[in-house]
Amino acid sequence: MNRPLILISNDDGYDAKGINDLAEMVRPYGDVVIVAPEGGRSGSAMAMTSAEPVRLRKIKEEPGLQVYACTGTPCDCVKIAFHSVLTSPPDLVLGGINHGDNAAINVHYSGTMGVVLEGCLKHIPSIGFSSCKRDPNADFSALRPYIQKIVQRVLADGLPPQVCLNVNFPVREEFNGMRMCRMDVGNWLKEWEERTDPRGRQYFWLTGYYEAGQPDDDSTDRWALDHGYVAITPVQLDMTAYSAMEGLKTSLMG
């Protein structure tokens, strides 16, 4: 019997510790193909490269594992994997492990979740894994049993159509368990730091901090992370605001 095929990408680069740890964690459950950016692409969401060529090079190949580096975005990596690397559709698309969480509204900015959404658009069960640990040398060993359990379940049972998973881990060595969550809708504040370069010219550096929209609501992913839980948030492709349709129809078309 053929083993499941697992495609992995990220936005930290093919040589990041997180993606290599993830590949090692899931290799018992299938053959792994990594197609990931050649360097960091954080915050690229589902951006695609359209104004310049995208290049792909094989880094290594061994039984059960292939690794490719791509000059494009995380979304490019998934597209080019389907077009030029994979000989059949994968059974699973994974993003991560990201060095830094992608909870709450960060899902809209995340290159890691760009991987996952692109996989979902291609009708493949897709999961993003992110940790609140930003250290490039972070120890992700505590994540192993949770990642392996989720991967095993999704390989066995699949996911609903047009639904993917955003899984985030708090900064802990032991977790209080897993919680199924909704996305917190808060705000990033003080997002830019104004500076002056050595020639006296103004420039801006991205910074800021996140303020939870519902900090005391235990149904949100942000609350779960703040209280030591692994946060699992189902994300859907259909962004239609169904609850607003009737009111807007009356207002705009009545």
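These numbers come from the heavy atoms of this one structure, side chains and all, not from hydrogens, waters or symmetry mates.
- When the side chains of ILVMFWY residues are joined at heavy-atom separations under 4.5 Å, either directly or via intervening members, Leu117 and Val167 end up in two distinct hydrophobic clusters.
- Using a distance-only test at 3.5 Å, with no hydrogens or angles considered, no donor-acceptor pair links the side chain of His99 to the main chain of Ala138.
- Just one of Asp101, Asn102, Asn106 meets the side chain to side chain donor-acceptor pair (under 3.5 Å) condition when paired with Ser130; it is Asn102.
- Note: Thr240 OG1 to Asp238 CG = 3.5 Å, rounded to the nearest 0.5 Å.
- When all heavy atoms of Lys133 and Asp139 are compared, the closest pair comes out as NZ-O, 2.8 Å.
- Of the possible polar contacts, none joining the Arg57 side chain to the Glu38 backbone as a donor-acceptor pair under 3.5 Å is found.
- Glu118 and Met46 make their closest contact through OE1-CE, 3.4 Å (heavy atoms, listed as atom of the first residue, atom of the second, distance).
- If you take CG on Asp76 and CE on Met48, they are separated by 8.0 Å, rounding to the nearest 0.5 Å.
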- Task: Evaluate the criterion side-chain contact (heavy atoms from CB on, under 4.5 Å) for residue pair Phe204 and Glu191; output intermediate values, then yes/no.
- Result: CA-CA 10 Å; Phe204 298 88; Glu191 295 181 89; over 6 Å; no
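- To the nearest 0.5 Å, atoms CG (Leu225) and SG (Cys132) are separated by 4.5 Å.
- A salt bridge does not link Arg222 to Glu211: none of the charged side-chain nitrogens sits closer than 4.0 Å to a carboxylate oxygen.
- The two residues Gly30 and Arg3 make their nearest non-hydrogen contact at O-NH2, 2.8 Å.
- At a threshold of 4.5 Å between non-hydrogen side-chain atoms, the residues Pro74 and Ser44 count as touching.
- Contact annotation: the side chain of Leu92 never approaches that of Val26 to less than 4.5 Å [non-hydrogen atoms, C-beta and beyond].
- No side-chain heavy atom of Asn166 sits under 4.5 Å from any side-chain heavy atom of Val116.
- A donor-acceptor contact closer than 3.5 angstrom links the side chains of Tyr210 and Asp184.
- When all heavy atoms of Leu56 and Tyr68 are compared, the closest pair comes out as CD1-CB, 3.8 Å.
- Within the 3.5 Å criterion, the main-chain N or O of Ser110 finds no donor-acceptor partner in the side chain of Thr112.
- Residue Val67 comes nearest to Tyr14 through the heavy atom pair CG1-CD1, 4.3 Å, listed as atom of the first residue, atom of the second, then distance.
- Atom NZ of Lys17 and atom CD1 of Ile97 lie 8.0 Å apart (nearest 0.5 Å).
- For the pair His83 (side chain) and Lys79 (backbone), a donor-acceptor distance under 3.5 Å is absent.
- In this structure, the side chain of Asp226 does not engage the main chain of Pro170 through any donor-acceptor pair within 3.5 Å.
- Annotation: side chain of Pro4 is not in contact with side chain of Tyr29 (no heavy-atom distance under 4.5 Å).
- Note that NZ of Lys149 and CD1 of Ile147 are 13.5 Å apart. Values are rounded to the nearest 0.5 Å.
- No donor-acceptor pair closer than 3.5 Å links the side chain of Arg55 to the backbone N or O of Ala69.
- Both Leu237 and Val107 belong to a common hydrophobic cluster when Ile, Leu, Val, Met, Phe, Trp and Tyr are linked at side-chain heavy-atom distances under 4.5 angstrom.
- Classification of the Tyr203-Trp205 ring pair by plane angle, with boundaries at 30° and 60°, yields perpendicular.
- Val154 and Val93 sit in two unconnected hydrophobic clusters of ILVMFWY residues. Membership requires side-chain heavy atoms under 4.5 Å apart, directly or through other members.
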- Message: Run Ile8 and Ile19 through side-chain contact (heavy atoms from CB on, under 4.5 Å) and show every step you take.
- Response: CA-CA 8 Å; Ile8 306 179; Ile19 196 170; 3.6 Å; yes
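- Asn10 has its side chain out of reach of Val115: every pair of non-hydrogen atoms, C-beta onward, lies at least 4.5 Å apart.
- Of all non-hydrogen atoms in Lys60 and Glu62, the two that sit nearest each other are NZ-OE1, 4.1 Å.
- In the hydrophobic cluster analysis, where Ile, Leu, Val, Met, Phe, Trp and Tyr join through side-chain heavy atoms closer than 4.5 angstrom, Phe82 is grouped together with Ile80.
- The side-chain heavy atoms of Cys70 and Val54, taken from C-beta on, include a pair separated by under 4.5 Å.
- Note on ring orientation: taking the six-membered ring where Trp is involved, the planes of Phe129 and Phe169 are tilted (angle from 30° to 60°).
- With hydrophobic clusters built from ILVMFWY side chains whose heavy atoms lie under 4.5 angstrom apart, Leu65 does not share a cluster with Val35.
- Defined by atom type and a distance below 3.5 Å, a donor-acceptor pair is present between the side-chain atoms of Ser219 and Arg182.
- Between Asp197 and Arg201, at least one side-chain nitrogen of the basic residue sits less than 4.0 Å from a carboxylate oxygen of the acidic one, meeting the salt-bridge criterion.
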- Are Met25 and Arg144 close enough, and set up right, to give a side-chain contact (heavy atoms from CB on, under 4.5 Å), and what steps lead you there? CA-CA 6 Å; Met25 291 175 190; Arg144 177 187 298 271; 4.1 Å; yes
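- In this structure, the side chain of Lys190 does not engage the main chain of Tyr209 through any donor-acceptor pair within 3.5 Å.
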- Task: Dump the intermediate steps for side-chain contact (heavy atoms from CB on, under 4.5 Å) on Val163 and Cys120, then the final yes or no.
- Result: CA-CA 7 Å; Val163 171; Cys120 193; 5.7 Å; no
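- Counting only heavy atoms from C-beta outward, the side chains of Leu143 and Ser131 approach each other to under 4.5 Å.
- Not one N or O on the side chain of Arg41 forms a donor-acceptor pair closer than 3.5 Å with the backbone of Asp11.
- One distance of note links CD1 of Ile150 with CG of Leu155; it measures 12.0 Å at 0.5 Å rounding.
- At a threshold of 4.5 Å between non-hydrogen side-chain atoms, the residues Ile6 and Pro90 do not count as touching.
- Without hydrogens or angle criteria, Asn176 side chain to Tyr229 main chain gives no donor-acceptor distance under 3.5 Å.
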